[in-house]
Each structure stands twice: as structure tokens, then as C-alpha cells.
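For reference, the structure is listed below as C-alpha cells.
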Protein chains: 2
Amino acid sequence: MDLIVGTALKILDEEGAEALSLRALAQRLKSSTATLYRHFTGRADLMARVVDRIIGEMELDRAETATTSWRQACRAAACNMFEVLSRHRNVAPLLGDHIPTGPNAAASREHFLALLLANGFPPDLAARAYALLTRYVLGFAMQLRPDPAATSREEAQFAAAAHGLDPARFPATAAVADSLPVPLEEEFALGLDLLLAGLAQLRDRAPDA
Amino acid sequence: MDLIVGTALKILDEEGAEALSLRALAQRLKSSTATLYRHFTGRADLMARVVDRIIGEMELDRAETATTSWRQACRAAACNMFEVLSRHRNVAPLLGDHIPTGPNAAASREHFLALLLANGFPPDLAARAYALLTRYVLGFAMQLRPDPAATSREEAQFAAAAHGLDPARFPATAAVADSLPVPLEEEFALGLDLLLAGLAQLRDRAPDA
DNA sequence: ACCTGAACACCGTTCAAGT
DNA sequence: ACCTGAACACCGTTCAAGT
């Protein structure tokens, strides 16, 4: 039932990953845990459906795909993936549990691969570029902390600790303390641009055209 | 106690993340759960110490650091990080829970930053390069499945599913089905090389020298 | 002073019993 | 046929009671 998946996602977003127990879910639905098992084989099955639901939130058909370069389209798609995962940061870690196999995952993959193939990537390089970019996005998204407020607090603590280090024992860290810690969202964009530039060169060197 | 952390790591490696309960740990140590709380404030504290333990396994002082280019040294360091996390793949996800603050984490960071600073990276770019590379490695390592055997099975199923897709509905996926799924370990190396090439260019364009 | 059995408030999952 | 309370075998954490 879509209502169950939606309610599970709401609990995940509003109260965090540890708040989503089958008991809490049943309670919100005014049902019982045993009844939930009539719709899903177990917790893992439910989680896989939540994952496909948020993959469905990713926008594939931005106008840019047709009107801009493949690089800008890839960049936009990757950033959009990252944004959706940021909105559901408690769900992102679940993406790593299994290769997504739901209908939305299949549609997303098809769209991305079609974009690459239409822009001169040979099949093998298209598959590798797709895998690299999606794994890059997911890897960064998984490192987003659940709670933005707690993140700021931890970053502030870390920055203070970096400045308080003994410069004799940690000269290099002390020298760059003003730049630590580097915000994850910024870093994501930098690495993405470097990867896209590298993939562009690989494509230009490839046999096809 | 180091013995407790070592035993926890052994359970993690041998039996998986879900097998590590404080009860199981106490049993292996022939103690009780309540006694464990005399050494750690709680589960989170224990996990943070396990994390710093495996950071300590990473080799920082390979001979290459002195004799080869910074790019090869960075590449070796990143690959070594990835290898250590692969050996302890049930621990890798824990690295994302908090910014590592243990002594081994501090030593590793210092070493990496010193390498970059010694090779002409301005402080701000050194911090960003360090953050990017460590996040890249951890992001990929977090996507390693716990059980290699289960991974192979899932990959085989996925490959079969990709070949069985309707080519009319999924033409692009069908066209690259022979190349799916791309092994994560291979993909890691490709992306790493692209990032290092990009960072080299950024450094050469930077004001310092 | 140090340790621990037992309790507390949870979990995912199952099933006999009710409607 | 469909649903569910209650049970089962677990968790992390705490604390009174023992040595």
C-alpha cells in the first residue's frame, strides 16, 4: 500500500531513522504490526519500497536535457539526485543496502544512460560513467548527517579543536585550520566538476563519435 | 580497554554489524554488559573507538611518499584507505556517523595535509583536496556490501535482469546490459584518477608554487 | 571499590485466537 | 477471509544488591 510507504517516509523525515519501528508505523496507521506483514514480507522489503519512492522524486525531464550540453545535463541530474537525498537524508543510507530494483530506479537509469549514449559515449564508457556518477552522488549523500543543527554544532567543535592543536605536533593541520572543516555540499560540487571534466576527456579519446 | 575494542572489531569482521550487541561482546569477554559501561559511556562511544582503531591500520609512511610524485603518493594513500575499509567493511558505515576525532584520525589527517602542502598546494586548496579525497574514498567504501558472496549473487541477478529487460521500453539500458553492473572496486580507481588529474590542474593554476 | 543479575522499556517477527 | 493481542527472542541501558 502506497499509504504505508508514505507514512514510513514521513516518520523517517520527521523523526529520524531510529524512530521508524514497525510498532510506530502501525500506530500512525491505526493498525497493528501483524497487519503490516500482509503488505510486506518484512522490514527490508518495506525499506526497499521507501527507497524506490524517493528515487521517483528525482526529476528526470528537466528542459535542460534537450537544450544544453550533456555535461550540464549530467551536472543538473547529479545535483538533483543530491538535493533529493538531502531532503530525505535519513533515507540515503538505505540506498546502499541493495542495488535498487524498483520501477523508478529502472526509469532513472534508462534516462541517464540514454543521455550518455546520445552524446557519443560508447556503451562500455556510458555504463562506467553512469556507475561512477551515481556512486559518487550516493557516497556523498550518505555522509550527510541526519540533523543539520547537530552537524553545525559538530563542525564548530571540530573547527575549534583544529585551532587548538599543538602546532609543533600538527604543523600542517594547524596551517590549514582556518579552512577546516570543508562543508560537504561545497565539496560535492567541486568533485563533480572534476569528474565530469575527466569523463569528457575520456569520451573524446574514445573510438566512437 | 584495548581488549574490548579488539574483541568488538573481531565480532564486526567475523559475524557482521548486527551480531555486535553489548550482550554478545560481554559474553566473549566473559563479563557482563553492566561491566562494559565502566569502560565506555555507551554504544556510540565504543563504536567511535573501533573507528579510530581501524584508522590506525592505515599505512601512512610508505616509502613512496618521499620518492614518488604527490599524485602517486595520494593515489597510494587513498587506495590503502580503501583497502583497509574493505577488510573491515562492516565498520566503514560507522565512519560516517561522526567526524573522527581519535588520535589515529588526527595523525592521518596531519600526514595527508603535510604531503599536499609540501607539494605546492595553497592551504585552502590543500584542505579542500584532503576533504574531497577522504570523502570520495569513504563514500565508495560505505557502498561495499558486507558479504562478498551475497554481493556476487546480487550482481549476477542484476545482470540477468538487465539482459531480460524489454528493449522497447529500456533501449539504453538494454544497449549497455553487457557492461552492467560495473564492479565498485574498478570504478573507485577510475574516479580517483580523474579527481587527482583535476586537482593537479587546480594546483598548477593556483597563485602559489 | 568493583562487579553483575535482573529489570526496564524497547525491537522485528509470528501465530493462535477472535471477528 | 481478514485482523490483532500477545507471545517469543532479542536489544541498549540502568541500578539495587551482592562480594
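The analysis underlying the following values was restricted to heavy atoms, covering all of them including side chains, and did not include hydrogens, waters or symmetry mates. These figures come from a predicted structure and were not determined experimentally.
When the P atom of C/dT13 is taken as reference, atom CG of A/Asp45 falls 10 Å away, rounded to whole Å. When rounded to the nearest whole Å, the span between CZ of B/Phe40 and C1' of D/dG12 equals 15 Å. Nucleotide D/dG12 holds its P atom 19 Å from the CZ atom of B/Arg38, rounded to whole Å. Here the P atom of nucleotide D/dG5 and the CD atom of A/Gln27 are 12 Å apart, to the nearest Å. One interatomic measurement links the two molecules: CG of A/Leu36 to C1' of C/dG12, which rounds to 11 Å at whole-angstrom precision. Regarding B/Leu22, its CG atom lies at a distance of 19 Å from the P atom of C/dA6, rounded to whole Å. A straight line from CD of B/Glu18 to P of C/dT13 spans 13 Å, rounded to a whole angstrom. One atom, CE of A/Met47, and another, C1' of C/dG12, lie 11 Å apart when rounded to the nearest Å.
Within 4.0 Å (heavy atoms only), B/Ser31 reaches sugar-phosphate atoms of the nucleic acid but no base atom.
Distances shown here put every side-chain N or O of A/Thr35 at or beyond 4.0 Å from the OP1 or OP2 atom of D/dC3. Of the side-chain N and O atoms in B/Ser21, one or more sit less than 4.0 angstrom from OP1 or OP2 of D/dC11.
Enclosure of atom CZ in A/Arg169 is not indicated, since only 12 or fewer non-hydrogen atoms of other residues, nucleotides or ligands lie within 6.0 angstrom. Under a cut-off of 6.0 angstrom, the local environment of CD in A/Gln27 is sparse, with at most 12 non-hydrogen atoms contributed by other residues, nucleotides or ligands.
How far OG1 of A/Thr134 is from CG of A/Leu95: 10.0 Å, rounded to the nearest 0.5 Å.
In this structure D/dG18 sits in a base pair with C/dC2, meeting the Watson-Crick or G-U test at under 3.5 Å. Across all strands shown, D/dC8 forms a Watson-Crick or G-U wobble pair, both distances under 3.5 Å, with C/dG12.
Each of B/Lys30 and A/Arg43 lies near DNA chain C, and the nucleotide nearest B/Lys30 is the one positioned closer to the 5' end.
Between D/dA6, D/dT13, C/dT4, one nucleotide has an atom nearer to the side chain of B/Arg23 than all others, and that is D/dT13.
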Show your working on side chain to side chain contact (heavy atoms under 4.5 Å, CB included) between B/Arg71 and B/Leu199 and close with a plain yes or no. CA-CA 9 Å; B/Arg71 244 169 98 167; B/Leu199 289 172; over 6 Å; no
Would you check, one step at a time, whether the test ring-ring contact (aromatic ring centres under 6.0 Å, His included) holds for A/Phe82 with A/Phe188? CA-CA 9 Å; A/Phe82 188 75; A/Phe188 168 75; 4.1 Å; yes
